[in-house]
Amino acid sequence: MSTYRKSRNIEASIIQALNTDIQLDWTGITVEKTFKKVYTIDPPVVCIRVGDTDHNWVEIGTNQTRRVVQVLIDVFGSSDGNRLDLKDYIVSKSKGGFVYNEYVVSGTINSAVANGRLIVTDIQDTPVNFDVDLHTLTPHDRYRHQIVLEVATDNVES
Amino acid sequence: MIKPIWKFNAKTIFKETMGAHMAKIAMGSEIIGKKTQEYMKNYIDKNRHRRGGTGKLAKSITYEPIRTGKGFLVSKIGFKIGRISQLEKYWKFVAYGGVIPASTKKFIRGSFEGQAPDPSMKNGKAEWISGKGGFKMKPNTPVRPIPYISSTVTYVKKYIRNITRIK
């Protein structure tokens, strides 16, 4: 049995929250963590990855920091309308932040205990257009969108 | 006749107030622009997925100041990072990841750890090392993204927030 540390807890919490919402309100959409695996699954697919992490000092004279994480959400739509609706949905669900869970894992997830919240402080919303004829692109690359979240934890770390 | 003690001159007033501020704003914009360029180039270089490579994309990230107006009557101050016509052809595929279309693919030079590309080794574990000489290959698997654009935007926003103390 292993206990996830902070970075994995943050990643798993966001993936779990968005996956739960998407499965509840949509059909036929896969949420994936690994970029390369997306190309083995038929669109629509949502890929959630955690990017850079900043550790900002809370004040001079202490070692306490507050973590701010960049989360990259790639939407691979099945059509242009699907792309727009799905990205608007994800943005609306992200605005309120996410529950921060602490995970204990043994093969699969044994337990996920809620312990605070993840606060979304900034959202970037960018269409991905490769400027080539759509028919030359793979189906996954034709209707793409990228949402970048800046997510802060609600507590300080020593 | 009563002589005026102080003569109203709009140009002088503008030059001494907003004109002086414009110079400081232009200087600040240049500092931010050059830091942005440096950050983006370093990010690409440090986050390569494979060894070798020409470094052409990082080298093509340029800084250009924007300043419209004449003298101290400036209407726009800013900067541009990267000129699309000069960027490497695959700059978007590197930033966002994806499968490069067959019609636009060109051969890249390198080797699989010294060995030539071999279709029978399709699921092999050897690493592709780009570089001069070696053998020619056209990649068919998706390019893994190096999110240099989104990372730089986040960096610039954070930098401006810190220097202006806006939270």
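What you see is a predicted model, and the numbers here were worked out from it, not measured in a lab. Below, read A as the first sequence line, B as the second, and so on, with proteins coming before strands; counting in each chain starts at 1. These numbers come from the heavy atoms of this one structure, side chains and all, not from hydrogens, waters or symmetry mates.
The environment of K6(A) atom NZ is dense: over 12 non-hydrogen atoms of other residues, nucleotides or ligands sit within 6.0 angstrom. Around CH2 of W57(A), the count of heavy atoms belonging to other residues, nucleotides or ligands within 6.0 Å does not exceed 12.
For a residue to count as touching a neighbouring chain, one of its non-hydrogen atoms must lie under 4.5 Å from one of that chain's; by this rule N129(A) touches chain B with backbone and side chain alike. The part of T126(A) that comes within reach of chain B is its side chain, from C-beta onward, which places non-hydrogen atoms under 4.5 angstrom from that chain. Contacts of F130(A) with chain B are made by both backbone and side-chain atoms, with heavy-atom separations under 4.5 Å.
Inspection of non-hydrogen atoms places L137(A), T138(A), D141(A), R144(A), Q146(A), V148(A), E150(A) of residues 137-152 of chain A under 4.5 Å from chain B.
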(request) Let me see the working for K34(B) and E38(B) under salt bridge (Lys or Arg N to Asp or Glu O under 4.0 Å), right down to the final yes or no. (result) CA-CA 6 Å; K34(B) 288 189 173 171; E38(B) 185 189 336; over 6 Å; no
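Under the 4.5 Å side-chain heavy-atom criterion for grouping Ile, Leu, Val, Met, Phe, Trp and Tyr, I119(A) is not connected to V50(A) through any hydrophobic cluster.
Every residue two or more places apart in sequence or in another chain that forms a salt bridge (charged side-chain N to carboxylate O under 4.0 Å, His left out) with E64(B) is listed here: R83(B).
In this structure a side-chain-to-backbone donor-acceptor pair under 3.5 Å is missing from N101(A) to A12(A). No donor-acceptor pair under 3.5 Å is formed between the side chain of D54(A) and the backbone N or O of V68(A).
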